[in-house]
Amino acid sequence: MSLKPFGYPKELRLLNARDYQTVFNKVDVKAPSEHTLLLARVNNLGHPRLGFIFSKKNIRFAVQRNRIKRITKDYYRLNRHTLPNMDIIIMARKGVDQLSNDEVRSMLKKQFNKLAKRASKLTTINN
RNA sequence: GGAGUCAGCCAGACAGUCGCCGCUCGCUUGCGAGGGGAGGAAAGUCCGGGCUCCAUAGGGUAGGGUGCCAGAUAACGUCUGGGCGGCGAAAGCCGACGGCAAGUGCAGCAGAGAGGAGACCGCCUUAGGCUUCGGCCUUCGGUAAGGGUGAAAGGGUGCGGUAAGAGCGCACCGCAACACUGGUAACAGUUGUUGGCGAGGUAAACCCCACCUGGAGCAAGACCAAAUAGGAUUCCGUUCGGCGUGACCCGCGCUGGAAUCGGGUAGGUUGCUUGACUGUACGAGUGAUUGUGCAGCUAGAUGAAUGACUGUCCACGACAGAACCCGGCUUACCGGCUGACUCCCCCA
RNA sequence: CGGGCAUUAGCGCAGUCUGGUAGCGCAUCGUCAUGGGGUGGCGAGGGUCACAGGUUCAAAUCCUGUAUGCCCGA
């Protein structure tokens, strides 16, 4: 792999419905909170992959949806080296569009840290 | 200087760092360089058109739409100009603005009467009775001026007329029909003649008239790979029947049909941006719009790009995010700029 | 992205086509019956008919726009 250190190419995303379905079929780690729900499953690709489900039902206006997506993406590509090798789905709940950019970032930090902590616990048990 | 009307434009700027999606070029199979990367509404999906498939969209019926006139346009429910009506002091703005004299329906309650209407009170009068001679009661009638009901009561004002009244007659105003004049037309008129004026409201009620209208939608459709296959059995049929064209009938196109058994599914590419395009010059037109020349290429994703952070400045940044593409309409919106016009005040 | 439907009392629904009175069941309140409660009988209250314009004498109903919720088409 000769990826740019903070890039966001397609290898680092979940791309089609099958990718999403495999995660839903067997969730290894969950990280719920008031505004989001993270689901993750261990992969053996040597890097994490991210996908998001921000539905129109939970975030009504397209401008707000795009804003949350972009901040999430940006946070992910800057911090992916701290994440375990998993396929991660981040789902939005109602009310996320009320948060400011800084609030979204701190919320993401908390959630990803929670995920990494639980994942490390999982791998030690498996080993 | 103030108040207002109309038309058009802008939608924070600059620099740095880290990223995302196309395009071109270079080397080469992932990097480098260059250049591009949301809107005026991208929205709502309320109309119209292109495009695609169904027949090249054909005939009829039903259904739907539009609704003063003329024009613009690919087309429209849009736009422009004009007419009529309304609002405003004006610039200007607003209007589903055909027909109820083809037919049918509707109008609760109130009211005498709700449509060639109607005597409840009233007014006048015939006959009779009573009388304190003022009139009162009963009654045959006349009467739409007044009261009262209602959203709405079958021209208005005045004079004459009359028992009291009434377009009953006359004058003026209004109205209708015809003619004339102007205008392509809608329509208009210090025009003329005729008519006493007789059939009011509602068509965003059914409906009538005129014009328009085939259906579906890029999840349309096309291509590649795979697959519906290839099979087996039974029954029916071979001018029949079935399928497709999704309102119905005709027509047209394709084709043997049905049941059971067994077998089996996976996506990718394209459509996808050069267009009723943009800018500019000259010309046609009151204008919407349009002709010709020159120049330009201005998002094209497919879990879906156009962003985040830092710094500086200011008027402290609204509504809001393309998904086949255009033309409109409607709705949302912090502010700012330009031009034209109207009215008022002051100065010269 | 495209196509369609709904919104009426606290809740579930009629009424809208064909304009004039907004109604039904449950729930709420009062009262009768019971020693008390439930069940039952009788009675009452509660509605800007989602919002804003328009047509009409008159709009829940007809027309136009807006908002919200739901369904269908890979």
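First the proteins, then the strands, lettered A, B, ... as listed; each starts at 1. Keep in mind that what you see is a predicted model, and the values were worked out from it rather than measured.
Counting non-hydrogen atoms under 4.0 angstrom, A/Arg13 reaches the backbone sugars and phosphates but no base. Nucleic acid contact class of A/Phe52 (heavy atoms, under 4.0 Å, all strands): base. Contacts of A/Ile53 with the nucleic acid, taken as non-hydrogen atoms under 4.0 Å apart, include base atoms.
Picking from B/A308, B/U306, B/A38 the nucleotide with the shortest atom distance to the side chain of A/Lys73 gives B/U306. Distance from the side chain of A/Ala62 is smallest to B/G321 among B/A304, B/G321, B/A308. Of the candidate nucleotides B/G321, B/A308, B/C18, B/C18 has the atom lying nearest to any side-chain atom of A/Leu78. Distance from the side chain of A/Phe61 is smallest to B/G321 among B/C21, B/G321, B/C309. The side chain of A/Tyr8 lies closest to B/A304, out of B/A322, B/A304, B/G307.
With both ends at atom P, the span from C/U21 to B/G108 equals 12 Å, rounded to whole Å. Taking atom C1' on both B/G103 and B/C208, the two are 9 Å apart, rounded to the nearest angstrom. Nucleotides B/C329 and B/C224 have their P atoms positioned 45 Å apart, rounded to a whole Å. Separating the P atom of B/G22 from that of B/U273 is a span of 13 Å, rounded to the nearest Å. Annotation: B/C51 and B/A220 have their C1' atoms spaced 9 Å apart (nearest Å). As rounded to the nearest Å, B/G118 and B/U149 have C1' atoms that lie 13 Å from one another. Separation of the C1' atoms belonging to B/C133 and B/A114 is 47 Å when rounded to the nearest angstrom. Between the P atoms of B/G50 and B/A38, the separation comes to 32 Å (whole Å).
Using cut-offs of 30° and 60° for the angle between ring planes, the A/Tyr75 and A/Phe112 rings count as parallel.
At a threshold of 4.5 Å between non-hydrogen side-chain atoms, the residues A/Tyr8 and A/Lys73 count as touching. Using a 4.5 Å heavy-atom threshold, the side chains of A/Arg67 and A/Asn101 count as touching. Contact annotation: the side chain of A/Leu108 never approaches that of A/Asn79 to less than 4.5 Å [non-hydrogen atoms, C-beta and beyond].
With hydrogens and angles left out, the side chain of A/Arg67 and the base of B/G321 share no donor-acceptor pair within 3.5 Å. Residue side chain A/Asp74 does not reach the base of B/G19 through any donor-acceptor N/O pair under 3.5 Å, judged by distance alone.
With its glycosidic angle within 90° of 0, B/U273 is assigned syn. Annotated as syn: B/A38, whose O4'-C1'-N torsion sits within 90° of 0.
Distance NE2 (A/His81) to P (B/C18): 14 Å, rounded to an integer number of Å. Separating the CE atom of A/Met91 from the C1' atom of B/G303 is a distance of 14 Å, rounded to the nearest angstrom. One can place CZ of A/Arg77 at 12 Å from P of B/C309, the figure rounded to the nearest angstrom. The interatomic distance linking A/Glu103 (CD) with B/A308 (C1') rounds to 17 Å, in whole Å. For the pair A/Asn79 CG and B/G19 C1', the interatomic distance rounds to 14 Å; values are reported in whole Å. Put simply, CZ on A/Arg105 is 15 Å from P on B/G307, counting in whole angstrom units. One can place CG of A/Asn66 at 17 Å from P of B/A301, the figure rounded to the nearest angstrom.
When all heavy atoms of A/Leu12 and A/Tyr76 are compared, the pair lying nearest together is O-OH, 3.0 Å.
Dashed line: the shortest gap from a side-chain N or O of A/Arg70 to OP1 or OP2 of B/G321 is not under 4.0 Å. Residue A/Arg80 has no polar side-chain atom (N or O) positioned under 4.0 Å from OP1 or OP2 of B/G19.
When both pairing distances are held under 3.5 Å, B/U342 makes a Watson-Crick or G-U pair with B/A3. With a cut-off of 3.5 Å on both pairing distances, the Watson-Crick or G-U wobble partner of C/C42 is C/G30. Partner assigned to B/C240 is none, using Watson-Crick or G-U wobble distances below 3.5 angstrom. Nucleotide B/U78 forms a pair with B/A72, judged by Watson-Crick or G-U wobble geometry with both contacts under 3.5 Å.
In this structure, A/Arg41 does not pair ionically with A/Asp87, as no charged nitrogen and carboxylate oxygen lie closer than 4.0 Å.
When each of A/Asp102 and A/Gly51 is assigned the nucleotide of RNA chain B with its nearest heavy atom, A/Gly51 is the one assigned upstream, toward the 5' end.
Between the side chain of A/Gln64 and the backbone N or O of A/Phe61 there is no donor-acceptor pair closer than 3.5 Å.
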